Amino acid sequence: DTAVSQTPKYLVTQMGNDKSIKCEQNLGHDTMYWYKQDSKKFLKIMFSYNNKELIINETVPNRFSPKSPDKAHLNLHINSLELGDSAVYFCASSQGAQRDYGYTFGSGTRLTVV
Amino acid sequence: GEDVEQSLFLSVREGDSSVINCTYTDSSSTYLYWYKQEPGAGLQLLTYIFSNMDMKQDQRLTVLLNKKDKHLSLRIADTQTGDSAIYFCAEKGTAAGNKLTFGGGTRVLVKP
């Protein structure tokens with residue numbers, strides 16, 4: 001049973017479209033994250049939610065809007081997609097109170113904007 | 001702000017030891033982590049070390065932390081071809097949200 005699952009795994013879409021990526025975790029964690037990994041493998045945090053509350057909102061275009069309907073789900077909606085949005089997007093979760101544990105990552109969504 | 005740096009590439013012969021180095025700038029780092037990413041996969045947590053420790057050993061993995069120099073290393077003993085991957089070092093500071101800041105990753109290639 002997958003701990004952190006993302007859908008879809010691959011997404012190819014045209015510039016200007018709107019798309020969503022979904023993430024679900026069954027670990028009972030209270031914090032979820034979105035990271036973007038660019039073509040050079042550099043990982044940058046985008047957002048973090050703790051118990052449905054937005055905690056971290058890095059410098060991300062407001063075309064990106066996260067939504068957390070409950071603490072087990074964190075979705076990412078992207079409006080007006082641009083070529084530069086092509087990347088692998090990783091969802092992750094952690095148990096905030098357990099300070100020594102890192103994140104559990106999903107397997108990623110590879111977004112290609114053409 | 002936080003910054004984490006790693007060398008880009010390491011080539012090692014099967015059976016030898018690999019050492020991957022990382023430096024960080026955040027003096028408030030509480031925990032430091034090593035993650036492994038295989039092609040097409042997510043990041044897998046390998047090991048972590050608390051900032052008041054200077055060494056941690058876990059089977060073939062040894063983590064060394066020099067807090068004064070803000071230097072972290074991961075040694076893999078008896079490196080196998082299955083160890084070929086990208087290795088990321090990450091640090092957790094005291095900022096809200098348990099944010100991990102990652103290095104750029106070190107690509108390790110194990111040659112038979």
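Chain A is the first sequence line, chain B the second, and so forth, proteins listed ahead of strands; every chain is numbered from 1. It should be emphasised that the depicted structure is a prediction, and the values quoted were computed from it without experimental measurement.
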Side chains of Phe88(B) and Gln37(A): closer than 4.5 Å at any heavy-atom pair? yes
With heavy-atom distances below 4.5 Å as the criterion, would you say the side chains of Tyr103(A) and Tyr33(B) are in contact? no
Sort Tyr49(A) into side chain, backbone, both or neither according to what part of it lies under 4.5 angstrom from a heavy atom of chain B. neither
Which portion of Gln44(B) sits near chain A, non-hydrogen atoms under 4.5 angstrom: neither
Are Leu54(A) and Ile78(A) linked, directly or through intermediate hydrophobic residues, by side-chain heavy-atom contacts shorter than 4.5 Å (ILVMFWY only)? yes
Euclidean distance, Glu58(A) CD relative to Lys99(B) NZ, rounded to 0.5 Å: 4.0 Å
What part of Lys40(A) gets closer than 4.5 Å to chain B, counting heavy atoms only: side chain, backbone, both or neither? backbone
With hydrophobic residues grouped by side-chain heavy-atom distances under 4.5 Å, do Phe90(A) and Phe64(A) end up in a single group? no
Quick one: does Tyr35(A)'s side chain get under 4.5 Å of Leu43(B)'s, heavy atoms only? no
Taking atom NZ as the centre, does Lys56(B) end up with more than 12 heavy-atom neighbours from other residues, nucleotides or ligands that are less than 6.0 angstrom away? yes
Within a reach of under 6.0 Å around CE of Met15(A), are more than 12 heavy atoms found that belong to other residues, nucleotides or ligands? no
Should the heavy atoms of other residues, nucleotides or ligands under 6.0 Å from NZ of Lys9(A) be counted, would the total exceed 12? yes
Quick check on Lys52(A): does its NZ atom have over 12 non-hydrogen neighbours (other residues, nucleotides or ligands) under 6.0 Å away? no
